[in-house]
Protein chains: 4
Amino acid sequence: MSSSTTQRRRGDTRQRIQDVALELFVEQGYEKTSLREIAERLEVTKAALYYHFKTKEDIIVSVFEDLTRPIDELIAWAEAQPPTLETKREVLRRYSESMGAGASLFRFMQENQATMRELTIGETMKDWMSQLVELLRTQDGPLTDQVRCVSALFTLHAGMMYLQHVDGDPEETRLAALEVATDLITQAHHAA
Amino acid sequence: MSSSTTQRRRGDTRQRIQDVALELFVEQGYEKTSLREIAERLEVTKAALYYHFKTKEDIIVSVFEDLTRPIDELIAWAEAQPPTLETKREVLRRYSESMGAGASLFRFMQENQATMRELTIGETMKDWMSQLVELLRTQDGPLTDQVRCVSALFTLHAGMMYLQHVDGDPEETRLAALEVATDLITQAHHAA
Amino acid sequence: MSSSTTQRRRGDTRQRIQDVALELFVEQGYEKTSLREIAERLEVTKAALYYHFKTKEDIIVSVFEDLTRPIDELIAWAEAQPPTLETKREVLRRYSESMGAGASLFRFMQENQATMRELTIGETMKDWMSQLVELLRTQDGPLTDQVRCVSALFTLHAGMMYLQHVDGDPEETRLAALEVATDLITQAHHAA
Amino acid sequence: MSSSTTQRRRGDTRQRIQDVALELFVEQGYEKTSLREIAERLEVTKAALYYHFKTKEDIIVSVFEDLTRPIDELIAWAEAQPPTLETKREVLRRYSESMGAGASLFRFMQENQATMRELTIGETMKDWMSQLVELLRTQDGPLTDQVRCVSALFTLHAGMMYLQHVDGDPEETRLAALEVATDLITQAHHAA
DNA sequence: GATGAATGAGAGTTCATTCAT
DNA sequence: AATGAATGAACTCTCATTCAT
């Protein structure tokens with residue numbers, strides 16, 4: 001009995017809401033996903049969502065808080081390191097890994113930037129994009145090298161979003177993207 | 001009298017709707033922009049919008065049709081050329097230029113991908129992304145080189161979106177991005 | 001040239017509006033038919049309709065005026081006759097004939113009574129129904145006979161509306177309905 | 001306190017919507033009745049209607065489902081009987097009775113046929129009209145007799161709709177109509 | 001004899017949110 | 001921990017109608 005679906009669901013409703021919400025947000029975008037839809041898919045009422053979360057925005061904020069912790073930690077760690085090339089490589093390596101884990105969250109971010117901007121988390125996200133760029137870029141180097149640093153970041157994103165279905169193995173693709181990104185950052189570093 | 005605001009506006013309402021709509025869509029996203037808002041900013045009624053466009057989607061579709069023509073032409077041209085490195089460089093050069101012109105449209109596309117996917121134009125857009133990648137990528141080369149081609153495209157986008165406010169002169173930034181992109185494609189080409 | 005479609009249409013726009021309007025009103029009902037639809041089918045603008053008719057209601061009123069004249073005349077004629085059985089038979093005969101001619105109008109009336117009631121013509125129509133009943137019914141006869149008179153009228157209607165597609169020849173059906181109606185009225189008459 | 005208006009209304013809102021809706025639909029027709037009107041008369045918001053019914057059409061469908069059950073049962077019963085004259089008489093008798101009960105629904109049907117046709121229930125209704133005719137009519141008899149069967153049905157309708165205000169007692173009128181209808185069917189039966 | 005452009009009113013519908021139970 | 005019932009605000013869209021040209 002304790003393993004019946006109903007039983008297993010006891011107590012983890014909050015988690016299930018987050019899961020289903022992210023799923024739908026990724027599928028359809030934030031605004032086009034209604035609380036009714038989320039509730040229906042969970043077979044609970046809308047009011048139940050409000051027991052667990054104060055607002056719709058709260059749901060997505062909570063998902064972000066859980067899934068972006070690795071990035072926050074990465075940034076914190078990197079800021080404590082000396083700005084060597086090796087550090088930068090490690091940043092890319094770990095960032096790429098995080099993306100593998102929270103892939104759908106990243107996809108959501110990528111595809112819903114307009115929405116994010118209005119949400120409080122928008123700032124958060126923009127913040128770490130800037131911080132990451134700051135960590136990677138060769139200060140005071142030529143403009144092209146600064147572009148390379150940003151491009152390295154975007155290459156990782158592109159690797160996740162646009163190359164996944166093109167080729168076979170997702171992991172292989174991720175590694176290829178990481179290699180290209182590392183390459184870019186290395187070029188930028190040597191030029192300086 | 002013939003130069004009064006009302007007079008000057010005669011006959012260009014359709015154009016003005018497109019302009020204001022794009023402006024707001026870029027600012028706030030497609031779904032968060034209501035027809036009421038557009039109408040109010042134009043000082044006409046909602047019904048007037050419906051005189052000129054059949055639906056809300058129609059408005060954005062028409063804006064796209066006007067502003068993406070350069071890209072369509074670019075693709076058509078490139079497909080008729082031999083797939084040399086020089087052709088590829090020219091593609092990037094012209095693509096970068098188009099983005100300078102229709103900058104806000106590109107920003108809209110970038111930031112509203114989730115929305116676009118549901119819209120009919122979503123397909124169109126995805127189509128030309130694929131076609132561009134196809135034109136640029138070194139067929140049958142190593143995976144990393146394929147990544148480089150996609151990355152080149154994304155570098156141009158990144159140059160437009162994320163580096164504009166960072167540095168001073170937008171045009172200079174655009175050119176730097178173009179240089180990096182060209183670099184990437186050249187590497188990919190030589191390796192093959 | 002004078003026989004080109006455009007040429008032939010000159011001057012009979014008013015008539016064409018009436019035709020198309022009736023056609024659509026019958027097909028879809030009065031409220032569900034919009035002036036846009038009528039205009040589109042005629043390949044003119046809505047404003048053109050307003051050149052010929054003051055309001056939407058005006059269109060249908062004008063159609064009625066044209067097509068119900070035979071009925072008005074029938075009533076006028078009947079009122080001048082002695083109320084013999086033969087007169088009554090003649091009334092049914094001519095009413096049945098009118099229905100054959102203005103069939104679609106009758107169908108419209110039958111199917112849009114709720115609408116008619118709000119329209120000014122609603123009264124008109126109700127009026128002649130009462131007048132016809134008055135002409136047919138055997139005053140002061142038993143209730144059943146009064147029912148028979150109304151029923152005779154309805155039989156004609158039923159013959160037009162519900163039996164048309166059931167059997168082959170519409171004309172044959174009409175005549176059968178007329179026969180039954182005449183029968184009913186005869187019974188009612190003899191009883192008195 | 002527990003008998004205050006607000007209290008009493010708890011839980012029967014759905015029913016109240018159906019009642020008020022039918023009332024207004026009968027009064028004004030389906031299309032001319034807006035949800036705003038229904039809501040206002042109930043002193044709730046439009047949104048409350050949508051809590052109980054998915055669409056406007058849904059409201060009327062639900063009313064139909066409730067009120068046409070007697071007819072469905074009548075048809076089912078009749079189909080199980082031998083097609084004797086006595087059965088047919090019983091069908092008319094019970095049909096006439098049903099009409100007394102759901103009188104307003106019948107009036108609505110009669111006066112909004114154009115609307116019904118577009119609604120899903122239109123088919124339902126047409127179906128039972130055909131089934132009733134099928135049950136009553138003397139197969140392979142002369143055309144006039146078939147007309148008589150349909151006419152019998154219409155006589156009942158006419159008795160309800162057009163004779164109610166003419167004479168005093170509605171019940172008396174209904175019985176008179178039933179008598180005439182039975183007469184018609186008997187004639188048709190004997191001829192065969 | 002007709003059009004192009006617009007309006008005001010209102011339709012049906014959906015949303016995030018609330019609150020007593 | 002969750003529901004049933006409801007709200008208010010907003011939405012996209014359609015309609016009959018007007019009027020200068």
Side-chain angles (χ1 to χ4, degrees), chain A residues 9-14 17 31-39 42-59, chain B residues 6-7 9-14 17 31-39 42-59, chain C residues 9-14 17 31-39 42-59, chain D residues 6-7 9-14 17 31-39 42-59:
Chain A
R9 280 178 177 175
R10 274 271 173 74
D12 61 342
T13 306
R14 202 189 133 92
I17 293 174
E31 354 255 353
K32 295 200 61 160
T33 303
S34 68
L35 295 185
R36 182 181 51 69
E37 241 175 320
I38 298 174
L42 285 166
E43 294 178 288
V44 296
T45 53
K46 273 185 289 171
L49 306 184
Y50 278 89
Y51 177 80
H52 293 283
F53 298 95
K54 268 179 57 154
T55 64
K56 186 186 180 186
E57 188 170 346
D58 235 51
I59 298 180
Chain B
T6 324
Q7 289 295 317
R9 281 178 177 177
R10 275 276 166 66
D12 62 339
T13 306
R14 201 189 133 94
I17 293 172
E31 355 254 352
K32 294 201 61 159
T33 303
S34 70
L35 296 183
R36 181 182 51 71
E37 242 175 320
I38 298 175
L42 285 167
E43 293 179 290
V44 295
T45 55
K46 275 183 290 166
L49 306 184
Y50 279 91
Y51 176 75
H52 293 283
F53 298 94
K54 269 173 58 139
T55 61
K56 186 185 180 186
E57 186 170 346
D58 233 51
I59 298 179
Chain C
R9 279 178 178 175
R10 275 268 173 73
D12 62 342
T13 306
R14 202 189 132 93
I17 293 172
E31 355 255 353
K32 294 201 61 158
T33 303
S34 67
L35 296 184
R36 180 180 52 68
E37 242 174 320
I38 297 175
L42 285 167
E43 294 178 288
V44 296
T45 54
K46 271 184 291 170
L49 305 184
Y50 279 89
Y51 177 81
H52 293 283
F53 298 95
K54 269 180 55 159
T55 64
K56 186 185 180 185
E57 187 169 346
D58 235 51
I59 298 179
Chain D
T6 324
Q7 289 297 316
R9 281 178 177 175
R10 277 273 168 69
D12 63 339
T13 307
R14 201 189 134 94
I17 294 172
E31 356 254 355
K32 295 201 61 161
T33 303
S34 68
L35 296 184
R36 182 183 51 71
E37 242 175 319
I38 298 175
L42 284 167
E43 293 178 290
V44 295
T45 56
K46 273 186 292 168
L49 306 184
Y50 278 91
Y51 176 76
H52 294 282
F53 298 94
K54 267 174 62 139
T55 61
K56 187 186 180 185
E57 187 169 345
D58 233 52
I59 297 180

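First the proteins, then the strands, lettered A, B, ... as listed; each starts at 1.
Checking the phosphate oxygens (OP1, OP2) of dT14(E), no side-chain nitrogen or oxygen of S34(A) falls inside 4.0 Å. Contact between the side-chain N/O atoms of R36(B) and the OP1/OP2 oxygens of dC11(F) is found at a separation under 4.0 Å. The phosphate of dA2(F) has OP1 or OP2 within less than 4.0 Å of a side-chain N or O from T13(A).
Following rounding to the nearest Å, K54(B) (NZ) and dC13(F) (P) show an atom-to-atom distance of 11 Å. The CD-P distance, from E43(C) to dT3(E), rounds to 11 Å in whole Å. If you take CD1 of I38(A) and P of dT14(E), they are 17 Å apart, rounded to a whole angstrom. Remark: P of dA9(F) and CG of L35(B) are 20 Å apart, rounded to the nearest angstrom. Counting to the nearest Å, the P atom of dT14(E) and the NZ atom of K32(B) are 21 Å from each other. The CG-P distance, from L42(A) to dT3(F), rounds to 10 Å in whole Å.
Inter-axis angle, ends of the helix from dA2(E)-dT21(F) to dT21(E)-dA2(F), five pairs per end, rounded to 10 degrees: 20°.
The salt bridge (charged side-chain N to carboxylate O under 4.0 Å, His left out) search around K32(B) returns E118(A), not counting sequence neighbours. Applying the side chain to side chain contact (heavy atoms under 4.5 Å, CB included) criterion to F53(C), with sequence neighbours excluded, gives R14(C), I17(C), Q18(C), D58(C), I59(C), S62(C). In this view, K56(C) satisfies the salt bridge (charged side-chain N to carboxylate O under 4.0 Å, His left out) rule with no residue, not counting sequence neighbours.
Residues from residues 45-53 of chain A with heavy atoms under 4.0 angstrom of DNA chain F, sorted by number: T45(A), K46(A), A47(A), A48(A), Y51(A), H52(A).
When all heavy atoms are compared, the tightest approach of E31(A) to E31(B) is CG-CG, 3.5 Å. Of all non-hydrogen atoms in L35(C) and L49(C), the two that sit nearest each other are O-CD1, 3.6 Å.
DNA chain F is contacted by both V44(A) and K56(B); V44(A) maps to the nucleotide lying nearer its 5′ end (nearest heavy atom per residue). Each of R14(A) and T33(C) lies near DNA chain F, and the nucleotide nearest R14(A) is the one positioned closer to the 5' end.
The distance from the NZ atom of K46(C) to the OG atom of S34(C) is 8.0 Å, given to the nearest 0.5 Å.
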